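Predicted, not measured: the structure shown is a model, and the values here were computed from it.
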Amino acid sequence: IGGGTIQPIANHLVLSAPAYGSTARNFVEIYKSLSDKLDAHYIPTRMAGGKKMYNTVEDMGKLADQILSLNDIKIVFWNCAIVDYEPTYMSCQNDTPKVSRQEHVFPLDRRLSTKNDSYLWLNLTPSEKIIQRIRKTRKDIFLIGTKATYGLTEQEQYLEALNMLKSAS
């Protein structure tokens, strides 16, 4: 499974974790080259040229649930870039009162306008770590995950991977 995801906020406004699926495609090619008896399937997100149904964080959660329900799944390469945050609160200039703490349903059911909404406050909270759900639910699946470690040193990358392994056991 590979590619990026989006988290809708409003019409023409999304959070994005851009990725286009090349690493996942390479995983599948390498895996298939090991034996003709191995059955491998590449599932790209919409951003990686796949189906519309694999576009948002919520969509990828549903895909994870499908994977968890299939008893014949033994190995999963989870190489999709999941948006790390989801919007929980937003205030626009034309909201009443101006600094409203009301919860909004995302994506918004109204159009944002740069003419009327000269500023936008958006609170974000961390999204669910879908890969952890897979690991905790199905210990029998050999799960290979990747993590963006841009800007980290080799030592920091090593420690990040070690922490992921420890937290997944």
Side-chain angles (χ1 to χ4, degrees), residues 1-88 105-108 122-169:
I1 302 161
T5 58
I6 64 167
Q7 180 69 52
I9 296 172
N11 190 29
H12 295 274
L13 180 63
V14 298
L15 297 176
S16 173
Y20 304 100
S22 59
T23 303
R25 281 190 300 275
N26 289 338
F27 279 152
V28 170
E29 287 175 25
I30 292 167
Y31 186 76
K32 283 182 173 181
S33 74
L34 298 174
S35 169
D36 337 350
K37 296 176 184 166
L38 297 175
D39 188 19
H41 302 280
Y42 170 56
I43 301 173
T45 65
R46 185 175 187 186
M47 196 178 293
K51 295 180 180 177
K52 184 178 180 180
M53 64 191 292
Y54 304 126
N55 194 33
T56 66
V57 176
E58 182 181 355
D59 298 337
M60 299 314 289
K62 290 175 185 175
L63 176 59
D65 291 339
Q66 290 173 350
I67 290 167
L68 291 170
S69 73
L70 299 171
N71 291 328
D72 59 340
I73 299 285
K74 301 300 178 203
I75 300 174
V76 173
F77 290 90
W78 190 265
N79 181 243
C80 38
I82 302 292
V83 176
D84 288 331
Y85 294 92
E86 59 184 276
T88 52
V105 175
F106 293 94
L108 293 178
L122 185 62
N123 284 7
L124 304 172
T125 57
S127 299
E128 175 198 10
K129 298 293 184 196
I130 298 169
I131 195 167
Q132 289 176 357
R133 181 181 354 150
I134 296 170
R135 181 67 189 126
K136 288 180 178 168
T137 306
R138 290 274 307 274
K139 298 275 187 188
D140 62 308
I141 291 177
F142 187 78
L143 180 62
I144 297 104
T146 57
K147 181 173 181 63
T149 55
Y150 177 80
L152 298 182
T153 66
E154 266 188 53
Q155 180 66 22
E156 291 167 328
Q157 289 178 16
Y158 171 78
L159 292 173
E160 190 73 28
L162 193 58
N163 288 334
M164 282 181 68
L165 284 170
K166 287 178 181 178
S167 72
S169 329

(message) Show, in sequence, the C-alpha distance, side-chain angles and deciding distance for Glu58 and Lys62, and conclude whether the side-chain contact (heavy atoms from CB on, under 4.5 Å) test is met.
(response) CA-CA 6 Å; Glu58 182 181 355; Lys62 290 175 185 175; 3.8 Å; yes
(message) For the NZ atom of Lys147 and the CD atom of Gln157, what is their distance to the nearest 0.5 Å?
(response) 11.5 Å
(request) Take atom NZ of Lys51 as the centre, draw a 6.0 Å sphere, and report whether it contains more than 12 heavy atoms from other residues, nucleotides or ligands. (result) no
(message) For a quick test of reading the model, state the closest non-hydrogen atom pair linking Val83 to Ala17 and the distance between them.
(response) CG2-N, 3.7 Å
(request) Report yes if some heavy atom in the side chain of Ile6 is under 4.5 Å from a heavy atom in the side chain of Thr56; otherwise report no. (result) yes
(request) Look up atom CD1 in Ile141 and atom CH2 in Trp78, then write down how far apart they are to the nearest 0.5 Å. (result) 10.5 Å
(message) To check you understand the geometry: which heavy-atom pair defines the closest contact between Gly3 and Ala48, and what is its length?
(response) CA-CB, 3.7 Å
(request) To the nearest 0.5 angstrom, please state how far the CG atom of Leu63 sits from the CD1 atom of Ile43. (result) 5.0 Å
(request) Would you indicate whether the side-chain heavy atoms of Arg133 and Asp65 approach each other to under 4.5 Å? (result) yes
(message) For Gly49 versus Pro44, what's the shortest heavy-atom pair and its separation?
(response) C-CG, 4.4 Å
(message) Tell me whether the count of non-hydrogen atoms from other residues, nucleotides or ligands lying under 6.0 Å of CD in Gln66 goes above 12.
(response) yes
(message) Once rounded to the nearest 0.5 Å, what's the spacing between atom OH of Tyr54 and atom CD1 of Ile1?
(response) 8.5 Å
(message) What verdict does the salt bridge (Lys or Arg N to Asp or Glu O under 4.0 Å) test give for Glu29 and Arg25, after you've listed the backbone C-alpha separation in whole Å, the side-chain angles of each residue and the deciding distance to 0.1 Å?
(response) CA-CA 6 Å; Glu29 287 175 25; Arg25 281 190 300 275; over 6 Å; no
(request) Would you mind reporting whether Ile82 and Met60 have side-chain heavy atoms less than 4.5 Å apart? (result) yes
(request) Could you grab the distance from atom CZ of Arg138 to atom CD1 of Ile67, nearest 0.5 Å is fine? (result) 9.5 Å
(request) For residues Lys52 and Asn55, report the shortest heavy-atom separation together with the two atoms involved. (result) O-CB, 3.4 Å
(request) Can you see which heavy atom on Ala40 is nearest to which on Lys32, and at what distance? (result) O-CE, 3.3 Å
(message) Does atom OH (Tyr85) have a neighbourhood of more than 12 heavy atoms from anything else shown, all under 6.0 Å?
(response) no
(request) Quick one: closest heavy-atom pair of Tyr42 and Tyr20, and the distance? (result) OH-O, 4.4 Å
(message) Please check this pair: side chain of Thr45 against backbone of Thr5, looking for a donor-acceptor N/O pair closer than 3.5 Å.
(response) no
(request) Could you tell me whether the side chain of Ser127 reaches within less than 4.5 Å of the side chain of Asp84, counting heavy atoms only? (result) no
(message) Is a donor from one side chain sitting under 3.5 angstrom from an acceptor on the other, for Thr23 and Asn26?
(response) no
(request) Measure the OG1-CD1 distance between Thr146 and Ile131 for me, rounded to the nearest 0.5 Å. (result) 7.0 Å
